[in-house]
Every structure is written in C-alpha cells, then in structure tokens.
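Reading through the structure tokens given below for one structure.
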Amino acid sequence: MASIIPQTKSAAVNPLKSSQPLGAAFAFLGVDGAVPLFHGSQGCTSFALVLFVRHFKEAVPLQTTAMDELATILGGADHLEEAILNLKTRTKPKLIGVCTTALVETRGEDFAGDIAKIKLDHAEELAGTEVMLANTPDFDGAIEEGWAKAVTAMIEGITRPGEQVRQSKKIAILPGWNLTVADLEHLRETVESFGLEPVMLPDVSGSLDGTVPDRWIPTTYGGTGVEDIRELGTAAHCIAIGEHMRCSADALQRLTGVPYMLFHSLTGLKAADRLVSLLSLISGAAVPAKIRRRRAQLQDALLDGHFHFGGKKIAIAAEPDQLYQLATFFAGMGAEIAAAVTTADRSKILEKIPAESVQVGDLGDLETLAAGTNLLVTHSHGRQAAERLGIPLMRVGFPIFDRLGSQHKPTILYQGTRDLIFEVANIFQANQHAPSPETLDPFRNREIPDDLASSPLARH
C-alpha cells in the first residue's frame, strides 16, 4: 500500500492539475447539442478554452456569464439568467451545462436556487433545453472531480427515476475522463461485437473526434443524446471505468436500480480479460475470434517488449485514476515506479498505486523526485523538466498541445495495451546510451595484487 504524502507548499511550481470547471465542461462536451457555460469571469473561461483548443485542435463551444466587478459584489444571478436565455435564443442547445468557478463559489451564492427560478420563470422559452448545474470551484479538486460531478448531475437531473423495463442487450457505460477518443471508439466496438448495445455518458468520441461538419454548428455536434441519458434506467447493466466514476454509478443505481461493475483500469492483460469475460457472461455469447486474435497479439507484444522494461525507473505525474492506470501498466511490465505525483488526495485508488509513496503536488515535485529515472510520464507541461533532467518524456493525459493525434491513440484493452508497450519500448530504444569499453569490461583497469603480479599467469 502506497503512503500518501500531502502537499505542503504554499504555491504551485509548474502546476500539474487542471481545474474542476474545466473537467465538468469536458464532460458536458460529450453530449450532443450541448454548450458548457462557465459561471464566472471571462478570464476563467478563456484559460480553459485555450487548453481545450490547443489539445483537440478543434473549435470548442465554451461560453461564459462574464461576471464583472459589480456582479461579483451584488451577485451573479442576473448574469446567469441573461447568459442562459441568450444561449437558448442564439444557439438552441439541447443542454446547457453550468460550471461554477471560484469567483462565484467564494461568494457562496445559491446556484441551484437561481437556476430553478430561471427555469420556472422561463419555462416556455427554455422548452427543449436541459439546464444542468455542476458545483466546481477552481480552488478544490481537479479535472477528475469536475468530470464526475458533471456526469452525476446529468444522471440526477435528466435520467428518468424508478424501476423500468430493462433491455437485456443495453449496457450503460460511464467512462473516466482519461479515456481518449480512440479508447471510447475501441470500447464501443468491443461491446458491440458481443451483440450488446452500449450507451456511453459522456461520449467525447462523437463530438471531439476531429470530424468537420459541412456547416457551422454553435453547439457540440455528436456525443450522447439527451434522450439516451433520460432512458439510462432501461439498461440491464452499467460499467463504470475509474474510481472517480463510482459516485455517478451509485447515482444511477440509486435512481433506477441498474446494477454496476466498476473497473479501476482497462489497461493490461488481466484488466482486459476481466471486461471481456463480463461481456461474454452478460451476452451469453462466446468471445469473438477477432478479440481472441487481439489478445494473442498482446501476448506476443508482452513477450517482445518486456526486455525493454525490466529494471527501468519510471516517474509519473497524473490525476489519481490515470496514475493508477499507468503505474499498474509499468509495474506489470517489470519497471519500477520511482516517483508518483498526483493532483489531490481524495481518491481511495491512490493507496493501490504500486509505489512506495504518492506525492500530492505539482510538476516541480516531479522534477525533484525524478532525478535518476529513465522515463518521465505526464502531459505537455512536463517537457521543460524532462529537458532539464535529460530524460525522455512520454506525453499522456491533458493537455497535450505539442504533438498531433493524442486523442487517436488507444490505451485500453488488448489493442491499446499492445500499442502502449510498443510506444514505451521504442522510446527506450531511441534513447539508449551506447556502452563504453569501460562499462563493458569493468575489470580491464583493475589493480592487480602484488602476489599475483609476479606469477607467470599475470605476464600473459
């Protein structure tokens, strides 16, 4: 069990985490016809928007209530009402996801009451548009908590409560924030190959997959439909991925009675086997031949790649669930997790990290702890530390803005694990140091004892 070392610094040096409202907006972007709305100043929204656009290289529909000094003092209910009505009039979204920021949360306003009053006073005008609230102050938590709060809010606010007629083939899937577009597409194809019908909430593979619409659309143009969210209670089973999605799965089970199975990770042979076995059990079907073939390919990749991992020291900085996903992958390949840094200490998954300790901190802490390691694993903001330490960097998570195609890299199940093995092994091969004669023959210049120096063998 890893020991959790709390943050003690009063300031972050090269911050690791992204904010809660950004995480909530990320989740809302996985719903079709949605617009995330930051309740705060324009600066809060602009910073998040820049990160989204640089990471995805796409136009992102992110809006703001544009709180000014007067509204900050007197209250932002009027700004919130005006923003919601303007969005409804101009963009006609199917969902408006309100993400609160530190500016308004510090003042302690009744956001739920304000939104309830707005919906009541403008019921006719807002017909056909769901307005969801996620309380996400910047000063608490990180992207992981924000994502989970938004998903839970959508389930509690939209999903029809009560026991309903179950569709035996319908599977609700609650993916964690760290799954890429390629991961979600691969997961959907895997579930469908068993004859099952997956409904993902949220589904950024439909809205942030790089497709270009033939006309300008001011909202998201893909993802989970609002009606699909409403009918989640008709699913026969639910699969949640990541400890941070437990609260969302609990909410769905509490409201509708849908049972769930939680997977802490889908990366690695054992984790993939567990999911495939569950899908086979639910569907009553044998594992398809193409999935068996992918498993065989992963077995071969494990055999080919493990030589490059043995004895390597890895330094990782990521959100708790992604840290667990990556740390268990590296440890399973024979590497040592020499440094583990995360954003917050709330998640119980941190105790299961295969490392001596987990530091809650920033990339400055990672740089300090990573000296002497063989690989840095974090997002693009870790590139300066990697350069200073002379250690190669493997980019994961959010944001990745100095490389293309990060969202189209699979990291889960048999295929994703296989590709991760190849990626890491290739990094090690590209950065290996040529051995010198001294390292190859450490005894060449050794001191010869006097009693042996005079022997006949010493002269040959």
Side-chain angles (χ1 to χ4, degrees), residues 23-37 61 84 87-88 91-99 112 115-116 119 126-136 146-167 169-177 179 181 184-185 187-188 191-192 196-209 217 219-242 244-262:
F26 196 0
F28 287 131
L29 288 171
V31 177
D32 186 32
V35 175
L37 174 64
I84 290 174
L87 284 176
K88 174 62 177 178
T91 66
K92 296 179 174 57
K94 297 175 183 176
L95 182 142
I96 298 174
V98 179
C99 315
I115 290 178
K119 292 165 73 173
L126 294 174
T129 297
E130 299 285 349
V131 182
M132 294 291 103
L133 169 66
N135 289 101
T136 52
W147 173 283
K149 286 183 178 180
V151 176
T152 303
M154 287 188 281
I155 290 173
E156 294 178 339
I158 300 176
T159 302
R160 184 179 291 112
E163 293 282 347
Q164 300 168 48
V165 177
R166 302 284 170 75
Q167 300 177 24
K169 298 294 185 181
K170 185 175 180 180
I171 306 295
I173 299 178
L174 306 178
W177 78 272
L179 269 63
V181 166
L184 296 180
E185 292 176 343
L187 180 58
R188 181 188 297 105
V191 175
E192 289 175 344
L196 300 172
E197 302 170 7
V199 177
M200 295 185 180
L201 177 65
D203 183 8
V204 296
S205 72
S207 57
L208 294 170
D209 63 342
I217 300 176
T219 64
T220 56
Y221 49 89
T224 312
V226 171
E227 193 59 32
D228 292 329
I229 304 174
R230 187 168 287 115
E231 298 299 327
L232 278 179
T234 62
H237 300 273
C238 172
I239 295 173
I241 305 165
H244 66 294
M245 298 309 294
R246 186 185 294 275
C247 59
S248 302
D250 281 336
L252 182 61
Q253 186 177 51
R254 184 178 65 253
L255 285 171
T256 66
V258 175
Y260 72 88
M261 177 73 76
L262 181 72

Is the backbone of T136 close enough, under 3.5 Å, to the side chain of K149 for a donor and an acceptor to pair up by distance?
no
Across all chains, not counting sequence neighbours, the salt bridge (Lys or Arg N to Asp or Glu O under 4.0 Å) partners of K170 are none
Output the distance between atom CD1 (I229) and atom CG (L95), rounded to the nearest 0.5 Å.
6.5 Å
Rounding to 0.5 Å, atoms CG (D209) and CG (D203) come to a distance of 9.0 Å
Can you confirm whether T152 sits close enough to E156 that some side-chain heavy atom of one is under 4.5 Å from a side-chain heavy atom of the other?
yes
Testing the basics here: between R188 and P198, what is the closest heavy-atom pair and its distance to 0.1 Å?
CG-CG, 3.8 Å
Please walk me through it: do L174 and I239 pass side-chain contact (heavy atoms from CB on, under 4.5 Å)?
CA-CA 6 Å; L174 306 178; I239 295 173; over 6 Å; no
Does any N or O in the side chain of D32 come within less than 3.5 Å of the main-chain N or O of G222, such that one atom is a donor and the other an acceptor?
yes
Can any side-chain N or O of T224 pair as donor or acceptor with the backbone N or O of V31 at less than 3.5 Å?
no
When you compare the side chain of E185 with that of V181, does any pair of heavy atoms fall below 4.5 Å?
yes
The test is side-chain contact (heavy atoms from CB on, under 4.5 Å); show your working for E197 and I171 and say whether it passes.
CA-CA 6 Å; E197 302 170 7; I171 306 295; over 6 Å; no
Could you walk me through whether M132 and F28 satisfy the side-chain contact (heavy atoms from CB on, under 4.5 Å) test, starting with their C-alpha distance in whole Å, then the side-chain angles of each, then the deciding distance to 0.1 Å, before giving a yes or no?
CA-CA 9 Å; M132 294 291 103; F28 287 131; 4.0 Å; yes
When every non-hydrogen atom of W147 is compared with those of P202, the smallest separation belongs to CZ2-CG, 3.2 Å
Beyond-backbone contact of L232 with L252, side-chain heavy atoms, under 4.5 angstrom:
yes
Is the backbone N or O of V151 less than 3.5 Å from a side-chain atom of S248, with the two atoms forming a donor-acceptor pair by type?
no
Is any side-chain N of the basic residue among E227 and R230 closer than 4.0 Å to the acidic one's carboxylate O?
yes
side-chain contact (heavy atoms from CB on, under 4.5 Å) assessment of D250 paired with R246
CA-CA 6 Å; D250 281 336; R246 186 185 294 275; 3.7 Å; yes
What I'd like to find out is whether the side chain of I241 reaches to under 4.5 Å of the side chain of L187, using heavy atoms alone.
yes
Closest contact, heavy atoms only, G30 versus S207
CA-OG, 3.9 Å
For G242 and L262 the tightest heavy-atom approach is O-CD1, 3.2 Å
If you look at every heavy atom in A249 and A240, which pair is closest and at what distance?
CB-CB, 3.9 Å
Minimum heavy-atom separation for H244 and W177, please, with both atom names.
NE2-N, 3.3 Å
Looking at side-chain heavy atoms only, is the closest gap between I173 and V199 below 4.5 Å?
no
Contact between I96 and E130 at the side-chain level, heavy atoms closer than 4.5 Å - yes or no?
no
Could you pull out all residues at least two apart from Q164 that satisfy side chain to side chain contact (heavy atoms under 4.5 Å, CB included)?
R160, E231, T234, T256
Less than 4.5 Å apart, side chain to side chain, heavy atoms only: is that true for C238 and M261?
no
Please confirm whether the backbone N or O of P93 pairs with a side-chain atom of T219, one donor and one acceptor, at under 3.5 Å?
no
Can you check whether V258 reaches Q253 side chain to side chain, under 4.5 Å on heavy atoms?
no
Judged by modelled atom types alone, do T129 and K88 share a side-chain donor-acceptor pair under 3.5 Å?
yes
Going by the rule side chain to side chain contact (heavy atoms under 4.5 Å, CB included), which residues pair with P161 if we only count those two or more places apart in sequence or in a different chain?
L255
